[in-house]
Amino acid sequence: MGNLMGSWRYKEPSTVEECDSTWETDSESDEHQPGGEEEDSGISESMSPADAVRGADCKEHGFGDMMESSTRMKRSFYAAKDLYKYRHSYPNYKELRQPNEYRNLRFYLNKIPLVPDGIYIEEILTKWRGDYEKLEHNHTYIQWLFPLREQGLNFYAQELTQDEIKVSKRRFLLAYTIMLDFFGIKLLDKNGNVARALNWQDRFQHLNESQHNYLRITRILKSLGELGFESFKLPLVHLLLEEALVEGTLPNMRHSALEYFVYTLRQHAQRRALLRFAQRHYQPPENFIWGPPKKKRIPASGSTVMKAGKNEVVERSVGKARSPREGRNNLEREADDMDERKSGEWKTAKGSMVLQEVRGRVDLEEYIETIPL
């Protein structure tokens, strides 16, 4: 790993295009990144650094939708650069603290309370579930429950370190389920599949109106990747896109979902599939600026047609992580369709994602309890 990172020299991006590699290749091998991961922001139109300064207040995601009222929509350079650094694992980040200074770790081990509120994690995990007023109006806990290797708005909470990433996964998952419930979503299984919760109507209405929570969702998605739950991102982002673009329950979220949520995913193929899904449902279609560059949309030869067919397979493989109405794993149905289309390479992925509904639903709480502290 040392040699691999040492051979790569970080260059500070100055444009949205320099942050973008989502549409760099249509090859699903993603061979230029270990593990199929990538380091981009997937933008097709750019906002200059000067525009980004003027639009810096859009960091609070709720204000991003106002951009859609402009004559010509542009992507945020701030968002592209922020997520570019995240997918590069914060190339300028340095761990300078000693192990006994790891306050994030000590907080998760219930040894110290969060500052400045003086609340221990066990109190949050056992008493805050369903207390939507407290979860809505307290603005310090989120950065302690979902730490990152970047300084957050709560300057008391330190950046996460690599040593801290290795521990406390059980409490992290419990915190994740509490926030999902706050948003009107439930975690279904250990693969990260999600669906509407029983209280989804009231919570979605609140989430649609309280747009500062979109910044919280971005942080949670980033933290999932930092603590080893990268696979949990795809089902959640797909559900939010579906609610925003198809079901119409979260219309105010669509810009944040496309500008921020999608680009927390580290794999090229997953982001491309989510964006193709979004493009099919986005209205008005001419305002969709997150697709591939126009030059890649022009068929030039038979090979291009073949490549488009391959892309469709990848797109269909994502499908709907969970139907918001039925709670079923639509990856199974999409995989079945692909089997009929002789796309056998996706059978392995299908088998790892299909829920064992015949044998009963996984006891999620029991699963979480098996994760060591």
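Only heavy atoms go into these numbers, but all of them, side chains included; no hydrogens, no water, no symmetry mates.
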| said: Ring of Tyr86, cation from Arg266 - is the NZ or CZ under 6.0 Å from the centre and inside 45° of the axis? | reply: yes
| query | Can any side-chain N or O of Arg272 pair as donor or acceptor with the backbone N or O of Thr22 at less than 3.5 Å? | reply | yes
| query | Hey, is Lys85 close enough to Glu12 for a salt bridge, meaning N to O under 4.0 Å? | reply | yes
| Short question: side chain of Thr218, backbone of Tyr214 - any donor-acceptor pair under 3.5 Å? | yes
| With sequence neighbours excluded, what pairs up with Tyr132 under the side chain to side chain contact (heavy atoms under 4.5 Å, CB included) test? | Leu135, Asp181, Phe182, Asn199, Arg203
| What is the minimum heavy-atom distance between Pro235 and Gly192, and which atoms define it? | CB-O, 3.4 Å
| task | Can you run down the salt bridge (Lys or Arg N to Asp or Glu O under 4.0 Å) pairs that involve residues 130-139, sequence neighbours left out, and say none if there aren't any? | result | Asp131-Lys134
| query | Should the pair Phe172 and Phe146 be assigned to parallel (<30°), tilted (30 to 60°) or perpendicular (>60°) ring geometry? | reply | perpendicular
| note | Rounding to 0.5 Å, atoms CD (Gln283) and CD (Glu286) come to a distance of 8.0 Å
| task | Report yes or no: is the cationic atom of Lys111 (NZ for Lys, CZ for Arg) closer than 6.0 Å to the six-membered ring centre of Tyr120, at no more than 45° off its axis? | result | no
| remark: Distance col, row Leu145:CG vs Thr140:OG1, nearest 0.5 angstrom, shows 9.5 Å
| Heavy-atom donor-acceptor pair, Ser76 side chain to Ala79 backbone, under 3.5 Å | yes
| remark: One should read off an interatomic distance between Glu209 CD and Asn252 CG, to the nearest 0.5 angstrom, of 8.5 Å
| remark: Residues at least two apart in sequence or cross-chain that pass side chain to side chain contact (heavy atoms under 4.5 Å, CB included) with Ser231, listed by chain then number, are none
| salt bridge (Lys or Arg N to Asp or Glu O under 4.0 Å) contacts in which one or both residues fall within residues 115-130, not counting sequence neighbours | Glu122-Arg171
| query | Roughly how far, to the nearest 0.5 Å, is OG1 of Thr177 from CD1 of Ile185? | reply | 12.5 Å
| If you round to the nearest 0.5 Å, how far is CZ of Phe232 from CG of Leu180? | 9.5 Å
| Residues that Phe107 engages under ring pair (Phe, Tyr, Trp, His ring centres under 6.0 Å), provided they are two or more places apart | Trp144
| Distance-only, no hydrogens or angles: does the Gln279 side chain make a donor-acceptor pair with backbone N or O of Leu275 under 3.5 Å? | no
| said: Tell me every residue that passes side-chain hydrogen bond (donor to acceptor under 3.5 Å, both in side chains) with Tyr176, counting only those two or more places apart in sequence or in another chain. | reply: none
| Gap separating the CG atom of Leu236 from the CD1 atom of Ile217, nearest 0.5 angstrom | 7.0 Å
| task | Return yes if some donor-acceptor pair links the side-chain N/O of Asp189 with the main-chain N/O of Asn191 below 3.5 Å, else return no. | result | yes
| Got a donor-acceptor contact below 3.5 angstrom from the His238 side chain to the Leu234 backbone? | no
| query | Nearest heavy-atom pair of Leu227 and Lys169: which atoms, and what distance? | reply | O-CE, 3.2 Å
| query | Below 6.0 angstrom between ring centroids: does that apply to Phe183 and Trp200? | reply | no
